[in-house]
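Counting from 1, the numbers follow the sequence of the chain as shown.
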Amino acid sequence: MACKRLFVSIFISLIISNFASLAQSDTLSAPVRPKVGLALSGGGAKGMAHIGILKELESVGLYPDYITGTSMGSIIGALYSIGFTIDELENFARNSDWLGLMTNSFDTKLVSIRQKDDYGWWPLEFSFENHKPVLSSGMIEAPNLSIFFSENTWCTAGINKFDDYPIPFRCYGVDILKGRLIEFSEGDLARAIRGSMAIPLVFSPVLIENENDTMLIVDGGVMHNFPVTDVKKMGADIVIGAYTGFEDEVSVADMNSITKITGRVMMFGGVNDSKQQMDSVDPRYRITPDLKGIQPSDFLQADKIIKRGEDAAKERLYDLKKLADSLNAIAPRPHPKRLPRHDTIIINHVVINGLNLTNSENAYGIIGISDNQGVTPQMIGDAVTRLYATLLYKSINYSITTGDDGQITLTFNVKEKGLTQFNLGGYYDDIYNVGVTLKFSRRNFLRKHYDAYIFGNVNKHPSVQAKISRNMGKSNLWTLYSKVDWNRDFKTIYDGSKRLGDIDYIRIGWDVVGGSRTLGNNTLVEFAPTLEYFMIGNDDDNSFVFDSVNTKSVVTFQEGAHLTVKHNTLDNNIYPKSGARWSIELKGVFNADVTTDYLDGSSSVASDEYLKLSTSFERAFSIKFDKKNTTTTLIPWAAIGISTKQHSDADKFYLGGFEYNMRYGQTPFIGLKPNQLRVNNFSAAGLTIRQEMFKYFNIVTHINAVATYDELNNLKNPTETYFGVGAGVLFRTPIGPISFIQATDYKLQKDYYYFSMGFNLPYIK
């Protein structure tokens with residue numbers, strides 16, 4: 001019996017051993033699925049062709065195991081590696097506001113109303129350091145771009161290593177401090193891709209500081225525009241290479257601008273490196289779209305560029321499908337799952353780096369985010385905007401990193417402006433011709449916490465405003481400032497539609513203003529005693545007369561006070577699509593000494609007093625047409641001006657002209673020339689319709705009506721009424737709006753044209 005049991009045990013052991021041997025043999029002989037790497041080059045807008053290539057790879061069931069990218073390739077590759085779909089990438093390329101993202105302007109809804117009029121009007125800015133002007137390190141700081149990348153990569157918060165993404169990822173930049181190539185494999189993804197695409201002389205470099213090193217990162221394409229060998233180092237056995245960078249050779253005709261020549265020279269290292277990298281890609285899997293005629297800056301041609309990428313991939317589709325089929329026969333690789341999206345994450349630590357000249361307590365208070373607080377991308381973007389709104393920083397970007405202990409740190413990296421700033425702009429219009437606008441500002445002027453400003457509008461009718469201000473109270477709620485204005489202008493005298501001529505106009509004003517923000521950042525209440533000097537007339541004895549009693553000139557010196565309430569929630573002062581702006585000003589003149597000189601050499605002196613009320617309102621809202629991918633913005637507006645009695649011509653209400661040509665005391669009215677109406681009382685209303693036909697190109701229609709009154713005792717019977725309509729085009733450009741409007745007034749049956757280009761200062765009025 002014992003022998004029988006022993007025999008059975010030995011038999012069972014032999015069977016188990018045999019099966020184990022067979023299983024091991026099968027495991028050893030099973031084929032191992034090769035890993036596929038995808039290398040995406042840079043190329044600016046041309047890199048959007050990578051989306052078309054990815055689309056074709058997916059169509060044959062081919063999904064990469066690793067991705068590397070440089071510049072635009074790093075952006076597309078990063079988004080794809082964290083789970084963006086092809087549809088999302090196409091939407092990203094086609095519908096992103098590339099001009100807005102790649103400028104220094106941004107949504108102004110969160111900007112303090114004290115600063116709002118100072119945003120978006122200055123194409124050039126530099127600071128003085130050690131008594132020398134210092135330009136920005138790059139032409140464009142692009143705060144919107146940094147925020148945009150952070151919002152789109154928000155799902156990576158809490159994931160420190162790029163290997164932990166659905167598709168492991170690497171991107172590349174160049175540290176110009178040590179002249180070395182930098183591989184980004186961990187940390188904040190948004191900051192990595194922002195550095196990888198920081199084209200020298202176009203975008204400012206990205207500063208990265210840590211305990212062990214300091215780096216200043218520019219576009220990786222300077223040295224390494226096609227990271228093929230890198231994806232092999234990650235573990236790829238097979239490489240698919242998509243190249244959209246510079247061509248090996250170009251013609252003399254191609255190098256027809258300083259921009260193209262400079263770009264070509266800067267990228268020589270990357271071009272030569274790309275030639276070597278190209279040899280590491282199997283020709284069957286080498287995809288080079290035909291992008292002739294397309295420039296790296298052609299972001300508005302996304303459809304064409306994506307299609308070129310598709311066409312190039314289709315030329316390799318037979319080999320790509322054959323590869324996909326062979327790989328999927330071994331072990332199919334499904335579409336990688338996207339990272340989960342977080343509405344809110346808990347920030348354990350908040351740090352602001354770079355505070356040397358500014359008050360750190362105020363800076364932390366402005367961002368409004370504390371340790372161990374839940375935050376959203378919108379909250380952080382708003383905090384960045386509020387910091388910019390202080391006008392104290394050249395650039396601000398943020399990163400979210402996770403330490404070895406699992407603690408999440410939100411770091412704001414700021415570059416401060418110098419204490420002394422200079423801003424410069426320019427314009428041309430058919431009223432004031434060529435002009436230059438400038439601003440000089442100095443913080444801690446003479447004493448700490450006192451700021452000085454000088455605004456200037458320089459042309460043949462110049463304006464200057466000088467101001468010294470002091471912010472006080474918690475969160476700088478209160479402001480006290482003294483302001484002096486000097487405006488030289490001209491007033492055109494009309495008899496109906498007939499232009500009689502121009503007369504000189506000078507105003508000098510001095511105000512001591514106390515004000516307070518209320519209702520958050522959007523409303524400001526100010527009260528000020530004021531002294532004003534007006535001169536209107538002409539010193540030329542042969543000049544025409546501008547009233548019925550042969551007046552040569554009128555000089556007025558008046559004392560008074562004014563109360564002003566202003567509110568502004570517009571998302572953009574120049575091209576608003578949402579928000580509202582309104583103001584109410586009550587002005588009381590207690591004593592006005594009016595000296596009138598006549599053409600016959602005589603003169604008269606009189607005293608006057610009056611109350612004057614000015615109000616204006618506008619509201620912007622947009623309608624989006626998804627099928628046509630266009631936006632229509634409607635801006636209804638209204639304005640009222642009231643005086644208690646007839647008073648000096650110099651302080652009357654002047655109506656007429658286009659909104660980009662306005663100066664002191666003027667209200668725009670399409671259909672009339674500037675200053676064509678000089679009245680004591682009026683009510684006006686209108687509607688502006690701005691149709692965005694293509695990005696940055698708009699068709700604009702204006703409709704407005706006005707009624708004027710000599711006296712207020714009979715509002716049912718206005719003295720005069722006018723109805724004007726106009727239409728034209730508006731181009732949105734980095735140097736300012738370019739607009740051309742043709743208008744008609746239906747009462748006078750007269751056509752007018754308004755043309756303007758660039759930024760005219762809106763607040764020296």
Tyr398: what forms a ring-ring contact (aromatic ring centres under 6.0 Å, His included) with it, not counting sequence neighbours?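 Expected list: none.
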Restricting to pairs with a member in residues 55-78, which pass ring pair (Phe, Tyr, Trp, His ring centres under 6.0 Å), not counting sequence neighbours?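 Applying ring pair (Phe, Tyr, Trp, His ring centres under 6.0 Å) to every pair that reaches into residues 55-78, excluding sequence neighbours, yields Tyr63-His335.
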Main-chain N/O of [Y] paired to [X] side chain as donor or acceptor, under 3.5 Å:
{"X": "Asn413", "Y": "Asn353", "result": "no"}
{"X": "Asp325", "Y": "Lys322", "result": "no"}
{"X": "Thr229", "Y": "Ser280", "result": "no"}
{"X": "Thr153", "Y": "Leu189", "result": "no"}
{"X": "Thr85", "Y": "Glu88", "result": "yes"}
{"X": "Gln277", "Y": "Val228", "result": "yes"}
{"X": "Lys55", "Y": "Asp87", "result": "no"}
{"X": "Arg333", "Y": "Asn328", "result": "no"}
{"X": "Trp98", "Y": "Ala45", "result": "no"}
{"X": "Asp282", "Y": "Val239", "result": "no"}

Thinking salt bridges, do [X] and [Y] make one under a 4.0 Å N-O criterion?
{"X": "Asp219", "Y": "Arg194", "answer": "no"}
{"X": "Arg316", "Y": "Glu56", "answer": "no"}
{"X": "Glu416", "Y": "Arg443", "answer": "no"}
{"X": "Asp65", "Y": "Arg33", "answer": "yes"}
{"X": "Lys35", "Y": "Asp237", "answer": "no"}
{"X": "Arg386", "Y": "Asp382", "answer": "no"}
{"X": "Asp163", "Y": "Arg170", "answer": "yes"}

Could you give the distance from [atom1] ([X]) to [atom2] ([Y]), rounded to the nearest 0.5 Å?
{"X": "Thr156", "Y": "Ile82", "atom1": "OG1", "atom2": "CD1", "value": "6.0 Å"}
{"X": "Phe148", "Y": "Asp97", "atom1": "CZ", "atom2": "CG", "value": "9.5 Å"}
{"X": "Tyr165", "Y": "Arg338", "atom1": "OH", "atom2": "CZ", "value": "14.0 Å"}
{"X": "Ser326", "Y": "Ile238", "atom1": "OG", "atom2": "CD1", "value": "6.5 Å"}
{"X": "Ser59", "Y": "Lys321", "atom1": "OG", "atom2": "NZ", "value": "9.5 Å"}
{"X": "Tyr364", "Y": "Leu387", "atom1": "OH", "atom2": "CG", "value": "10.5 Å"}

Do the non-hydrogen side-chain atoms of [X] and [Y] ever get within less than 4.5 Å of each other?
{"X": "Leu339", "Y": "Ile159", "answer": "yes"}
{"X": "Ile367", "Y": "Val384", "answer": "no"}
{"X": "Ile347", "Y": "Thr409", "answer": "no"}
{"X": "Ile287", "Y": "Tyr243", "answer": "no"}
{"X": "Leu207", "Y": "Thr214", "answer": "yes"}
{"X": "Met48", "Y": "Ile305", "answer": "yes"}
{"X": "Leu320", "Y": "Ile240", "answer": "yes"}
{"X": "Met379", "Y": "Gln373", "answer": "yes"}

NZ (Lys178) with more than 12 external heavy atoms under 6.0 Å: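 Correct, the count exceeds 12.
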Tell me if the CG atom of Asp405 is crowded by more than 12 foreign heavy atoms within 6.0 Å.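 Yes - once you tally the heavy atoms of other residues, nucleotides and ligands closer than 6.0 Å, there are more than 12.
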Minimum heavy-atom separation for [X] and [Y], please, with both atom names.
{"X": "Ser74", "Y": "Phe169", "answer": "O-CZ, 3.5 Å"}
{"X": "Val222", "Y": "Pro200", "answer": "CG2-CG, 3.9 Å"}
{"X": "Ile51", "Y": "Leu89", "answer": "CD1-O, 3.5 Å"}
{"X": "Ile330", "Y": "Pro34", "answer": "CD1-CD, 4.0 Å"}
{"X": "Gly69", "Y": "Ser196", "answer": "O-OG, 4.4 Å"}
{"X": "Ile346", "Y": "Gly374", "answer": "CD1-CA, 3.7 Å"}

Decide side-chain contact (heavy atoms from CB on, under 4.5 Å) for Ile147 and Leu145; before the verdict, give the C-alpha distance in whole Å, the side-chain angles of both, and the deciding distance to 0.1 Å. CA-CA 5 Å; Ile147 294 173; Leu145 196 61; over 6 Å; no
Apply side chain to side chain donor-acceptor pair (under 3.5 Å) to His224 and Asp230, showing your working. CA-CA 10 Å; His224 195 51; Asp230 309 86; 2.5 Å; yes
